[in-house]
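I have placed the structure first, in the form of structure tokens, so that the comments after it can refer back to it.
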Amino acid sequence: MRLLLCMRKKLVFATNNRHKLTEVRDIFGENFEIASLEEAGCFDDIPEDADTLEGNALAKARFVKQNYGCDCFADDTGLEVAALGFAPGVYSARYAGEAKDSAANTAKLLRELGGVDDRSARFRTVIALILGEEEMLFEGQVEGEIIETPRGKQGFGYDPVFVPKGYSETFAELGEEIKNRISHRAEAVRKLKQYLDEKHFL
């Protein structure tokens, strides 16, 4: 097993996505250290070939735990569109191909929804936590709809075409402060943090 420096009040988040890291770190605050894979010394290409969000999240967390021996958590997120049979779902990041091109993914989604009246959708995030020998799952979701034309420059992925329920702006227009209060990932991370608080881990 490769050794990784593991300190109390520190968890490895199995991602190098800077947008996700920013969202999660903002929710946890300054008194807790969230290390990315790169910061933890992990440069492996971790497979994400499960057919569910739960499966992918667990696979990533287990990889870090088994190979680096560190408490960690991992997430997987999918956009689920009702009219498309809840696709792209677990394939959201590679909807238009393995290149994981956000613009191409969004363009394909809008083509698939061309002429469709029901544009209801939801973002769903599943977080897998491994703490010692314990594995836990936390889920968050936000309902909304897909608009016809992208709007906004903030956020990432499908944010420019997703309008959350109760709002008139897309995630890409609302900005990080609001998104971090209402998003699917924010809900899942808050559940994770609450659990860690109750375990007196923080």
Inset, instruction - Please report the C-alpha distance between S102 and F156 in whole Å, then the side-chain angles of each, then the deciding distance to 0.1 Å, and finally whether the side chain to side chain contact (heavy atoms under 4.5 Å, CB included) criterion is met. - result: CA-CA 8 Å; S102 292; F156 61 101; 5.7 Å; no
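- To the nearest 0.5 Å, atom CD of residue Q154 and atom CG of residue D159 are 9.5 Å apart.
- In this structure, C72 SG and Q66 CD are separated by 9.5 Å, a value rounded to the nearest 0.5 Å.
- Within a 6.0 Å sphere centred on CD of E54, heavy atoms belonging to other residues, nucleotides or ligands number more than 12.
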Inset, instruction - Test side chain to side chain contact (heavy atoms under 4.5 Å, CB included) on F28 and L192 and set out the steps. - result: CA-CA 10 Å; F28 269 89; L192 166 65; 3.9 Å; yes
Inset, instruction - Using the side chain to side chain contact (heavy atoms under 4.5 Å, CB included) rule, take L131 and L196 through it: C-alpha gap first, then chi angles, then the decisive distance, then the call. - result: CA-CA 9 Å; L131 202 59; L196 292 172; 3.9 Å; yes
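- Within the 4.5 Å cutoff, no side-chain heavy atoms of N105 are placed close to those of L79.
- From I127, atom CD1 reaches atom CD of E139 across 10.5 Å, with rounding to the nearest 0.5 Å.
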Inset, instruction - For the pair I34 and F73, evaluate side chain to side chain contact (heavy atoms under 4.5 Å, CB included) and give the outcome as yes or no after the intermediate values. - result: CA-CA 10 Å; I34 303 294; F73 65 96; 4.0 Å; yes
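- Here the straight-line distance linking atom NZ of K179 with atom CG of L174 works out to 9.5 Å at 0.5 Å rounding.
- In this structure, V116 and L84 have side chains that are not in contact, with every pair of non-hydrogen atoms separated by 4.5 Å or more.
- Closest heavy-atom contact between C70 and K65: O-CD, 3.3 Å.
- Between T15 and S36, the shortest heavy-atom contact is O-CB, 3.4 Å.
- Nearest approach of G140 to A188, heavy atoms of both residues: N-CB, 3.7 Å.
- Taking both residues in full, the closest heavy atoms of L113 and A83 are given as CD2-CB, 4.2 Å, listed atom of the first, atom of the second, then distance.
- The shortest distance between side-chain heavy atoms of L37 and D44 does not fall below 4.5 Å.
- Between D75 and the choices K191, R185, R124, the salt bridge (charged side-chain N to carboxylate O under 4.0 Å, His left out) rule is met once, by R185.
- In this structure, the side chains of I27 and R190 come closer than 4.5 Å at one or more pairs of heavy atoms.
- Rounded to the nearest 0.5 Å, atoms CG (L11) and CZ (F32) are 4.0 Å apart.
- Evaluated for a side chain to side chain contact (heavy atoms under 4.5 Å, CB included) with F162, the options V142, V81, T106 yield exactly one hit, V142.
- Side-chain contact between V189 and N180 is absent, with no heavy atoms from C-beta onward closer than 4.5 Å.
- Using a distance-only test at 3.5 Å, with no hydrogens or angles considered, no donor-acceptor pair links the side chain of Y68 to the main chain of V12.
- Salt-bridge formation is detected for the pair E48/K60: a Lys NZ or Arg NE/NH1/NH2 atom is positioned less than 4.0 Å from an Asp or Glu carboxylate oxygen.
- Both L109 and V163 belong to a single network of hydrophobic side chains, linked directly or stepwise wherever heavy atoms of I, L, V, M, F, W or Y lie under 4.5 Å apart.
- Here the shortest heavy-atom pairing between K10 and A35 reads CE-CB, 3.7 Å.
- Distance check, rounded to the nearest 0.5 Å: CD of E135 to CD of E133 gives 9.0 Å.
- Note: the hydrophobic cluster containing M136 also contains F13 (ILVMFWY, side chain heavy atoms under 4.5 Å, direct or indirect links).
- Side-chain atoms of T170 come within 3.5 Å of backbone N or O of R151 as a donor-acceptor pair.
- The hydrophobic cluster containing L53 also includes L58, V90, Y91, V126, L137, under a criterion of side-chain heavy atoms closer than 4.5 Å among ILVMFWY residues, counted directly or through chains of members.
- Salt bridge status for K165 with E143: absent, with no side-chain N to carboxylate O gap under 4.0 Å.
- Salt-bridge check for E187 with R122: failed, with every basic side-chain N at 4.0 Å or more from each acidic carboxylate O.
- In this structure, N56 contributes its side chain and A50 its backbone to a donor-acceptor pair below 3.5 Å.
- Side-chain atoms of E169 and I178, non-hydrogen and from C-beta on, never get closer than 4.5 Å to each other.
- Note: the hydrophobic cluster containing I182 does not contain F138 (ILVMFWY, side chain heavy atoms under 4.5 Å, direct or indirect links).
- When the shell of 6.0 Å around CD of E134 is examined, it contains more than 12 heavy atoms from other residues, nucleotides or ligands.
- Proximity of L110 to P150: side-chain heavy atoms (C-beta onward) are separated by under 4.5 Å at one or more points.
- Looking only at distances, a side-chain donor or acceptor of N17 sits under 3.5 Å from a matching main-chain atom of H19.
- The aromatic rings of H184 and F123 lie parallel to each other, their planes meeting at an angle below 30°, with 60° marking the opposite boundary.
- A salt bridge is absent between E145 and R119: the closest approach of a Lys/Arg side-chain nitrogen to an acidic carboxylate oxygen does not fall below 4.0 angstrom.
- Between S92 and G78, the shortest heavy-atom distance links the atoms OG-CA, 3.4 Å.
- Hydrophobic clustering keeps V161 apart from F86 (ILVMFWY residues linked when any side-chain heavy atoms are closer than 4.5 Å, directly or through intermediates).
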